[in-house]
Number of protein chains: 2
Amino acid sequence: MPRVVSERSDAVTALAEVFRTHGFEGTSLSVITAKTKLGKGSLYHFFPGGKDEMAEAVLEEIGRWFEDRVFKPLRDEPDAEAAIEKMFEEVDRYFRSGRRVCLVGAFALGQECDRFERQVRGYFETWVMDLESCLIRAGRNETLARDLSEDAVIGIQGALVLARSIGQSAVFERTLLRLKKRLLERDHP
Amino acid sequence: MPRVVSERSDAVTALAEVFRTHGFEGTSLSVITAKTKLGKGSLYHFFPGGKDEMAEAVLEEIGRWFEDRVFKPLRDEPDAEAAIEKMFEEVDRYFRSGRRVCLVGAFALGQECDRFERQVRGYFETWVMDLESCLIRAGRNETLARDLSEDAVIGIQGALVLARSIGQSAVFERTLLRLKKRLLERDHP
DNA sequence: CACAGTATGTACTAATTGGTACAATTGATC
DNA sequence: GATCAATTGTACCAATTAGTACATACTGTG
């Protein structure tokens, strides 16, 4: 009876979208099978650990994506300011101008924060640290760099909350611009 | 067999804490009865509409709390800067220095955003608007006031996300200070 | 084409879900 | 102390939950 043969990685991508729109607790297996077109057979074959393992796989994929497109450039790109510009571009595209939610942020606000503590903490800690190192590379003094990087990550997460609430992607775009300006402003202590 | 007679308002307070720690979807009736010490009888007597009505009541209570302690002072307090100081004090206390989550913010990131759209949108819109009017009253020009108020509410919400993730209330406190300074800075365009 | 292992749908649990019905108990008021 | 509405525990319901078992079908390798 099996019709199409899928791959685990496709499943992870689909699962990410499901978790993002329904939340962890709101994502029942029936929702998953409906949205991913995968039967229980495939699901438990790919993820014997059930929902927990699915969420872990999703978080891992998200972590890899940000590592490749955002964190690593922040650390390695010789032109520090270009890396920051790139970060904002990638963030804007990834979150679809605020119409898409940050799953890690959503997990952070729920009890998932405990269950997936390692991944959630890792995501935000490396983001702040890598941005900080980039700012130092761009010539900022250390304490200011720490403050600015924390402020930027906080701003992005907060903007996602507010953009969803007020329902305008304008809020998100406006905030990204404001944050970018603050990070790249060279003529200020 | 009923032992103690409770009031609806007590139930709402208990429910708020349950929703905050378990999320809307994660809050099952069994969790509610366990944490609130209220049987199904009382629960459905107070909230015939079930979980939805409970959440609405909680959101209403939160809205009232912020209206009284934060929004109204922002609008009415003659000393605009004092109102802003008070806002940060109340916010810090309410969110227990970042150890407590903003239920409205958490709802905003989930599908509850659609179900309770009115309340979620109302909470954030009035917060931003009232803070904006307060800043104008404090002498800021209109466009800057709009930007600053949006930035502050975003910063608070983002700080809650990050504080939970990294697990330090220090992040929250530091952010509140930074935001307050930004709002009260008089010597800048 | 045969074979192996990987996928997959179906049927089945046992437990939990939100919700209803109702009789019993409470506490304030007369 | 009788009365009555407000409150509450218990028993119950149908639906859904996560998860298991397994026989069957697909697919790449030889």
Side-chain angles (χ1 to χ4, degrees), chain A residues 1-59 61 103 106-107 110-112 114-116, chain B residues 1-61 103 106-107 110-116:
Chain A
M1 293 126 193
R3 281 193 298 263
V4 195
V5 175
S6 323
E7 285 195 25
R8 198 187 123 115
S9 64
D10 297 335
V12 173
T13 310
L15 280 168
E17 214 48 43
V18 178
F19 280 127
R20 249 189 291 267
T21 54
H22 292 77
F24 182 74
E25 293 288 349
T27 299
S28 66
L29 283 202
S30 62
V31 172
I32 296 178
T33 54
K35 298 281 175 185
T36 64
K37 310 286 182 190
L38 284 171
K40 284 190 175 190
S42 318
L43 248 15
Y44 276 89
H45 174 71
F46 290 137
F47 313 97
K51 247 173 65 168
D52 275 53
E53 195 173 339
M54 299 179 205
E56 262 167 36
V58 168
L59 287 174
E61 199 209 36
L103 187 65
F107 275 19
Q111 62 194 18
E112 298 82 21
D114 302 322
R115 214 190 303 213
F116 306 106
Chain B
M1 290 123 195
R3 283 193 295 264
V4 195
V5 175
S6 322
E7 285 195 25
R8 199 186 122 117
S9 64
D10 298 336
V12 173
T13 310
L15 281 168
E17 214 49 43
V18 178
F19 280 126
R20 249 189 290 267
T21 53
H22 291 78
F24 183 74
E25 294 287 349
T27 300
S28 66
L29 283 201
S30 63
V31 172
I32 297 178
T33 55
K35 299 281 174 183
T36 64
K37 309 286 184 193
L38 284 172
K40 284 191 177 189
S42 317
L43 249 14
Y44 276 88
H45 175 71
F46 290 138
F47 313 96
K51 245 173 68 167
D52 275 53
E53 195 173 338
M54 300 180 204
E56 261 166 38
V58 168
L59 287 174
E60 206 179 303
E61 199 209 36
L103 187 64
F107 276 18
Q111 60 194 16
E112 299 82 20
C113 187
D114 301 324
R115 214 191 302 215
F116 306 106

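All chains are named by letter (A, B, ...) in the order of the sequence lines, taking the proteins before the strands, and each is independently numbered beginning at 1.
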Between CZ of R8(A) and P of dT8(C) the distance, given in whole Å, is 13 Å
For this session: Kindly indicate, with the supporting measurements, whether the criterion side-chain contact (heavy atoms from CB on, under 4.5 Å) is fulfilled by E25(A) and Q111(A).
Result: CA-CA 10 Å; E25(A) 293 288 349; Q111(A) 62 194 18; 2.5 Å; yes
Between G26(A) and V31(A) the two heavy atoms that sit nearest each other are O-CG2, 4.3 Å
What one should report as the nearest heavy-atom pair of F46(B) and A11(B) is CD1-CB, 4.5 Å
Quick note, salt bridge (Lys or Arg N to Asp or Glu O under 4.0 Å) partners involving residues 41-52 of chain A, not counting sequence neighbours, are D52(A)-R115(A)
From CZ of F47(A) across to P of dT20(D) the rounded distance in Å is 15 Å
For K40(B) and T33(B) the tightest heavy-atom approach is N-CG2, 4.2 Å
Comparing nearest nucleotides in DNA chain D, the 5'-proximal residue of the pair S42(B), G41(A) is S42(B)
L43(B) CG to dT8(D) P, in whole Å, measures 10 Å
Heavy-atom contacts, protein to nucleotides 12-18 of chain D, under 4.0 Å, summarised as B (base), S (sugar-phosphate only) or - (none) per nt, yield -----SB
Would you say that V58(A) contacts F24(A) through its side chain, given a criterion of any heavy-atom pair below 4.5 Å between the two side chains?
no
From NE2 of H45(A) across to P of dA21(D) the rounded distance in Å is 16 Å
side-chain contact (heavy atoms from CB on, under 4.5 Å) for I32(B) and L15(B)? Distances and angles first, verdict last. CA-CA 7 Å; I32(B) 297 178; L15(B) 281 168; 3.6 Å; yes
R115(B) CZ to dG18(C) P, in whole Å, measures 11 Å
Review point. Mind checking whether F107(B) and F116(B) have parallel, tilted or perpendicular rings, split at 30° and 60°?
Key: parallel
Would you tabulate the pairs of protein nitrogen or oxygen atoms and nucleotide nitrogen or oxygen atoms of nucleotides 3-5 of chain C closer than 3.5 angstrom?
none

